[in-house]
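Okay, structure first, notes after.
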Amino acid sequence: NDIQINFSAFALSGLLAFALGLIWYHPKVMRGGGIDLLESQKKMNFTPLTMVASLFLWVLSACFYAFLAYFLEINSAAGFFCLSCLLWVAFSMPPTLMSALYTGNSIQGMAIDAGYQLGGYYIFAAVHIAFLEFGML
């Protein structure tokens, strides 16, 4: 059997998850969330290299998401939503929390990062659901 995953679905998923980060970590959004901008901006590293790396990593994650969805034969909105939740709970949130605990970063900062990651996974699900609904998966 050939593996058939939709390139457009995972590419769009990765791009939209990356775009969410541009909004999520924007200084005005951070300020609105009560985040100390001076402290946060000292730690942020918005360079072309980090942007390209972030985009690549989101697209890579979206590719693996599409592969898992195909392998697990997910073909419903509930299935895509559950896959997003399970991947986040198992593989994204725990290392983010452990990193905060070991590095001494704030739990608030960890929650911001983990929330962004969950949002990215939900974008993966939403794009795949849209492609499914339009008969493109």
Side-chain angles (χ1 to χ4, degrees):
N1 258 352
D2 291 333
I3 295 176
Q4 297 176 2
I5 59 175
N6 188 309
F7 174 81
S8 298
F10 82 73
L12 181 61
S13 296
L15 182 63
L16 291 176
F18 170 77
L20 175 64
L22 297 177
I23 297 166
W24 196 272
Y25 291 107
H26 191 277
K28 289 184 180 180
V29 174
M30 298 288 276
R31 187 177 316 118
I35 306 302
D36 180 359
L37 282 179
L38 293 177
E39 194 58 37
S40 294
Q41 287 175 335
K42 288 178 190 174
K43 295 179 182 179
M44 290 189 186
N45 187 22
F46 288 109
T47 66
L49 179 60
T50 57
M51 295 300 201
V52 169
S54 180
L55 175 59
F56 171 77
L57 292 170
W58 271 118
V59 171
L60 180 66
S61 295
C63 180
F64 279 94
Y65 180 94
F67 171 77
L68 282 172
Y70 173 81
F71 181 76
L72 297 171
E73 299 179 0
I74 294 173
N75 57 10
S76 69
F80 286 114
F81 178 74
C82 286
L83 179 61
S84 291
C85 292
L86 291 171
L87 289 174
W88 180 77
V89 167
F91 299 108
S92 184
M93 185 272 299
T96 304
L97 177 57
M98 286 184 277
S99 175
L101 294 172
Y102 285 118
T103 62
N105 290 338
S106 72
I107 295 298
Q108 181 184 23
M110 184 280 308
I112 290 167
D113 293 340
Y116 166 51
Q117 294 161 2
L118 181 59
Y121 284 124
Y122 283 164
I123 286 172
F124 292 176
V127 169
H128 282 77
I129 291 166
F131 273 65
L132 182 69
E133 290 298 315
F134 288 106
M136 298 167 64
L137 277 185

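For this chain, numbers begin at 1 and follow the sequence in order.
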Exercise for review: Over all heavy atoms of both residues, which pair between Ala66 and Phe10 is shortest? Give the atoms and the distance, please.
Suggested key: CB-CB, 4.0 Å

Check your understanding: Any idea how Trp24 and Tyr116 line up, ring-wise: parallel (<30°), tilted (30 to 60°), or perpendicular (>60°)?
Key -> tilted

Study note, to complete from the structure: Closest heavy-atom pair, Leu22 versus Met51, reported as atoms and distance to 0.1 Å, is CD2-CE, 3.6 Å

Revision key, fill the gap. Between the CD1 atom in Ile23 and the CZ atom in Phe18, the distance rounded to the nearest 0.5 Å is 11.0 Å

Exercise for review: Can you tell me which residue pairs pass the side-chain hydrogen bond (donor to acceptor under 3.5 Å, both in side chains) test with a partner in residues 86-97, sequence neighbours excluded?
Suggested key: Ser92-Gln117, Thr96-Gln117

Check your understanding: Between the side chains of Tyr121 and Ser61, does any donor sit under 3.5 Å from an acceptor?
Key -> no

**Study point:** Within-4.5 Å side-chain heavy-atom neighbours: Ile107 and Leu97
**Key:** yes

Check your understanding: Can you list the steps and then say if Ile5 with Phe64 is a side chain to side chain contact (heavy atoms under 4.5 Å, CB included)?
Key -> CA-CA 10 Å; Ile5 59 175; Phe64 279 94; over 6 Å; no

Check your understanding: Val59 versus Leu15: any side-chain heavy-atom pair under 4.5 Å?
Key -> no

Revision key, fill the gap. Looking only at heavy atoms, the pair that brings Gly14 and Leu55 closest together is O-CD1, 4.4 Å

Check your understanding: Between Leu87 and Leu68, is a side chain to side chain contact (heavy atoms under 4.5 Å, CB included) present by the stated rule, with each step listed?
Key -> CA-CA 10 Å; Leu87 289 174; Leu68 282 172; 3.9 Å; yes

Exercise for review: Measure across Ser84 and Ala125 and return the closest heavy-atom pair with its distance rounded to 0.1 Å.
Suggested key: OG-CB, 3.3 Å

Check your understanding: Under the side chain to side chain contact (heavy atoms under 4.5 Å, CB included) test, which residues partner Ile74, sequence neighbours left out?
Key -> Ala69, Leu72, Phe80, Leu83

Point to revise | Check: Phe124 ring centroid to Trp58 ring centroid under 6.0 Å | key: yes

Practice item. Write down the atom of Met136, the atom of Asn6, and the distance for their closest heavy-atom approach. Key: O-ND2, 2.8 Å

Review point. Would you say the ring centroid of Tyr122 lies under 6.0 angstrom from that of Phe81?
Key: yes

Review point. Hey, are the side chains of Leu118 and Met93 touching, using non-hydrogen atoms and a 4.5 Å cut-off?
Key: no

Check your understanding: Mind checking what makes side chain to side chain contact (heavy atoms under 4.5 Å, CB included) contact with Leu12, not counting sequence neighbours?
Key -> Leu16, Val127, Phe131

